[in-house]
Amino acid sequence: MMKTSVKKLALAVGASAALMAAGQAAAEIRIGIAGPMTGPVAQYGDMQFSGARMAIERINAAGGVMGEQLVGVEVDDVCDPKQAVTVANRLVNEGVQYVVGHLCSSSTQPASDIYEDEGILMITPASTSPEITQRGYELLFRTIGLDSMQGPVAGNYIVSQNPNRVAVIHDKQQYGEGIATAVRDTLRDAGVEVAMFEGITAGDKDFSSLVTKIKQANVDFVYYGGYHPELGLILRQARQADVSSKFMGPEGVGNKDINTIAGESAEGLLVTLPPSFDEKPENQDLVAAFEAKGEDTSGPFVLTSYAAVQLIADGIEQAGSQDPFEVAKALRAGTFETPIGTVQFDQAGDMESFEFVVYEWHSDGSKTPVN
Amino acid sequence: MQDLLYFSQQLINGLTIGSTYALIAIGYTMVYGIIGMINFAHGEIYMIGAYTALIAITGLATLGVAWLPLILIVALLCAMIVSSSMGWAVERVAYRPVRGRHRLIPLISAIGMSIFLQNYVHLAQGSRNIGFPALIDGSFRFGSSEGFQLSLSYMQITIFITTLICMTVLSLFISRSRIGRACRAVSQDLGMANLLGIDTNRIISATFVIGAALAAVAGLLLGMYYGSVDPLFGFIAGLKAFTAAVLGGIGSIPGAMLGGLILGVAESMTSGYLSGEYKDVVAFSLLILILLFKPTGLLGKPEVEKI
């Protein structure tokens with residue numbers, strides 16, 4: 001009795017597993033979504049996951065891709081390069097063929113090696129380090145601009161304010177140092193004196209010495225390349241020490257968490273961000289759909305992630321095939337209409353054009369475009 | 001003139017951070033002095049102190065309490081009580097059962113405890129940086145030269161004074177009180193102290209409680225001074241405080257104070273005159289040099305040998 005029931009159970013399990021596998025093969029396209037769900041920059045991960053989920057939902061509601069439904073496989077890389085490699089391997093094992101992610105440049109770089117080797121197509125909606133697409137990878141794209149585009153926007157803005165002396169600080173990470181270097185070079189080319197170019201350690205809390213140094217250097221402008229946890233503290237400690245310089249940072253500092261750290265000191269901070277795609281008239285339907293779910297579309301990576309998923313879907317349709325290499329070819333060849341505008345990729349996998357805009361940040365977490 | 005002001009400002013910055021390193025370092029040094037083990041979970045106790053203080057402050061604010069001294073005292077008491085019970089519990093759970101075994105075993109147990117506490121706070125409070133309200137705002141300003149003003153903030157003064165009070169009370173406690181005397185006896189010879197009727201288990205527990213209470217004080221002070229807390233910040237602070245304790249001579253309480261101050265000043269001078277990037281390089285090079293030329297640390301006694 002016991003024996004037969006065990007046998008039956010095993011049979012049933014086996015049969016259902018076989019059925020599930022068959023079901024997957026027949027009617028599902030699995031898309032890995034890799035970004036930080038935890039850790040100090042999880043806010044950005046939230047934007048990415050919310051944008052990608054919405055895209056999957058809406059594409060499925062409209063009939064899916066080639067009659068198949070999209071399924072998201074979400075993994076957490078904590079914005080840590082080591083963890084990124086681990087989750088990339090997990091996605092490989094899961095048999096995923098397309099990935100939207102990763103978020104931090106320092107995670108995207110090692111993970112993309114794995115995806116390229118395994119023939120997985122990857123679109124990062126957030127990594128801006130230029131190096132990522134300079135390695136001639138065939139299956140790597142991004143729906144965001146590059147530090148080499150963003151840096152000059154920030155640099156030129158600073159130049160237009162006619163500062164006497166500028167300090168450029170960064171967090172020694174791939175993203176922060178990369179963009180800080182681009183800003184410094186723009187400033188130097190324009191003949192502005194860069195009085196300080198210095199790194200801090202991400203995760204540090206005490207910036208009193210740095211702030212004293214900024215104060216002594218008597219700079220009008222401070223540019224910070226990095227993320228909000230450190231800039232928030234620098235801002236707060238600088239204001240307490242009566243530093244009156246103007247501060248500016250890249251999109252990595254532009255989220256509401258900087259207000260909980262810096263409080264009033266965040267008022268007047270300048271941030272370069274992708275333009276507010278959620279304010280475009282043609283996106284209002286989509287924004288309403290996000291709002292119906294109680295989600296915020298103002299973050300810089302929500303619609304870039306949405307666009308990344310949509311591009312994968314469009315690419316598959318255009319190629320008429322689910323082979324990532326065919327899809328990559330279709331993506332390079334075509335022009336696509338997405339919520340972030342008309343997307344056309346160059347050979348490297350970067351968008352032909354991507355705009356960054358300077359915003360002024362306020363202590364209540366809102367932002368207004370400058371000029 | 002400006003150079004002098006700049007130097008003084010960096011010195012103040014260094015002494016401020018150094019005195020809080022010293023507060024945390026006491027916990028390492030007392031535990032080492034008595035049972036000869038490094039309590040690697042001490043940094044986490046400090047972090048928990050900071051979180052508890054923040055929760056207490058937020059709680060009082062929602063209750064509508066606006067009188068600053070009351071907020072500070074309640075936050076300090078809550079932080080000290082929670083941290084002390086944590087310190088006590090950590091010793092009971094993770095160290096006492098393995099005491100007297102090979103010296104690696106308590107060490108590994110301590111590292112495990114540190115990882116556990118870090119992740120516990122991670123789960124309970126989230127991994128994001130949480131802002132700490134600036135309760136003590138404003139500063140004294142002295143002498144001005146070419147637009148550079150020396151500023152000594154009320155917060156920095158609070159840190160100096162609190163550290164000074166804590167250190168004085170601790171020194172008096174160790175040298176005058178019954179438990180203090182017992183602490184010294186246990187640190188000289190645990191077995192003999194036991195034979196003479198001292199409840200050594202109780203004394204060891206007391207050491208952990210005292211160290212944790214001081215770490216909680218540092219947690220509240222540094223939380224307010226820096227402006228944010230996250231689950232990982234105990235690790236870095238713990239590492240620095242441990243360095244301070246070794247620098248001053250592990251096992252010696254005045255050594256921990258001296259080590260903390262030297263480390264803090266060395267760090268701030270490095271970032272002030274060289275570059276912030278070399279801050280940790282200089283701090284740890286200093287440690288290596290001291291260990292090479294004076295392995296017992298600045299004020300450590302060479303005859304103290306613990307197994």
Side-chain angles (χ1 to χ4, degrees), chain A residues 36-43 45-46 76 78-79 169-172 177 196-218 227-237 239-244 255-266, chain B residues 2-3 5-10 12-14 16-17 20 122-123 126-134 137-139 141 145-151 153-156 222-223 225-233 235-237 240 264 267-280:
Chain A
M37 291 176 193
T38 57
V41 296
Q43 300 76 338
D46 294 346
D76 181 12
V78 206
C79 183
I169 317 290
H170 60 82
D171 65 358
K172 293 192 284 194
E177 186 163 1
M196 273 170 79
F197 183 75
E198 199 169 305
I200 56 143
T201 308
D204 247 3
K205 297 265 177 212
D206 175 41
F207 298 109
S208 54
S209 298
L210 176 80
V211 163
T212 306
K213 215 169 168 182
I214 292 175
K215 193 168 154 190
Q216 196 214 19
N218 198 14
Y227 296 102
H228 62 275
E230 288 79 25
L231 182 64
L233 290 176
I234 295 177
L235 274 175
R236 177 170 165 157
Q237 294 174 18
R239 295 299 178 231
Q240 276 169 1
D242 305 316
V243 173
S244 54
N255 83 71
K256 286 173 185 154
D257 267 43
I258 198 165
N259 298 97
T260 66
I261 299 170
E264 285 297 312
S265 321
Chain B
Q2 201 199 359
D3 291 341
L5 286 179
Y6 181 69
F7 176 81
S8 322
Q9 182 74 67
Q10 293 294 16
I12 293 176
N13 294 340
T16 313
I17 175 95
T20 55
H122 215 105
L123 286 173
S127 55
R128 296 177 180 190
N129 281 259
I130 305 177
F132 215 105
D137 223 357
S139 58
R141 296 184 177 81
S145 155
E146 298 161 48
F148 187 85
Q149 247 187 346
L150 182 67
S151 78
S153 70
Y154 299 153
M155 190 63 226
Q156 287 173 323
L222 279 187
Y225 182 54
Y226 294 153
S228 80
V229 287
D230 67 82
L232 288 179
F233 95 133
F235 176 73
I236 302 163
K240 291 282 170 62
E267 280 190 357
S268 84
M269 289 302 166
T270 317
S271 37
Y273 287 98
L274 270 168
S275 157
E277 291 159 49
Y278 291 104
K279 190 170 87 170
D280 294 348

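In what follows, every chain begins at residue 1, and chains take the letters A, B, ... in the order their sequences are listed. Excluded from the calculations below are hydrogen atoms, water molecules and symmetry mates; all remaining heavy atoms, backbone and side chain alike, are included.
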Which atoms of [X] come close to chain A, meaning under 4.5 Å heavy atom to heavy atom: side chain ones, backbone ones, both, or neither?
| X | value |
| --- | --- |
| B/Ala134 | both |
| B/Ser153 | neither |
| B/Leu232 | neither |
| B/Pro231 | neither |
| B/Leu274 | backbone |

Any idea which of A/Asp257, A/Thr201, A/Asn259 has the most non-hydrogen atom pairs under 4.5 angstrom with chain B? A/Asp257
Chain B heavy atoms under 4.5 Å from A/Lys172: which part of the residue, side chain, backbone, both or neither? side chain
With a 4.5 angstrom heavy-atom cut-off, is it the side chain or the backbone of A/Gln216 that approaches chain B, or both, or neither? both
Check step by step if side chain to side chain contact (heavy atoms under 4.5 Å, CB included) holds for B/Arg141 and A/Asp242. CA-CA 10 Å; B/Arg141 296 184 177 81; A/Asp242 305 316; 2.5 Å; yes
Sub-3.5 Å donor-acceptor pair from the side chain of A/Lys215 to the main-chain atoms of B/Gln149, do we have one? yes
Tell me if a side-chain donor or acceptor on A/Glu198 pairs with a main-chain N or O of B/Ser275 at a distance below 3.5 Å. no
Could you work out, with side-chain contact (heavy atoms from CB on, under 4.5 Å) as the rule, every residue matching B/Ser271, not counting sequence neighbours? A/Ser209, B/Lys279
Just do the side chain to side chain contact (heavy atoms under 4.5 Å, CB included) check on B/Asn129 and A/Glu230 with the steps written out, would you? CA-CA 10 Å; B/Asn129 281 259; A/Glu230 288 79 25; over 6 Å; no
Are there over 12 heavy-atom neighbours, none belonging to B/Tyr154, within less than 6.0 Å of that residue's OH? yes
Closest non-hydrogen atoms of B/Tyr226 and A/Lys205, given as atom of the first, atom of the second and distance, are CD1-CB, 3.1 Å
For chain A, find which of [options] contributes the most heavy-atom pairs closer than 4.5 angstrom.
| options | value |
| --- | --- |
| B/Phe235, B/Phe233, B/Tyr273 | B/Phe233 |
| B/Ser139, B/Gly227, B/Ser268, B/Ala237 | B/Gly227 |
| B/Ile12, B/Thr16, B/Thr270, B/Ile17 | B/Ile17 |

Distance (rounded to the nearest 0.5 Å) between [X] [atom1] and [Y] [atom2]:
| X | Y | atom1 | atom2 | value |
| --- | --- | --- | --- | --- |
| B/Gln156 | A/Gln240 | CD | CD | 9.0 Å |
| B/Asn13 | A/Asp206 | CG | CG | 7.0 Å |
| B/Ile130 | A/Thr260 | CD1 | OG1 | 8.0 Å |
| A/Thr212 | B/Leu5 | OG1 | CG | 11.5 Å |

Derivation of the side chain to side chain contact (heavy atoms under 4.5 Å, CB included) call for A/Lys213 and B/Tyr6: CA-CA 8 Å; A/Lys213 215 169 168 182; B/Tyr6 181 69; 3.2 Å; yes
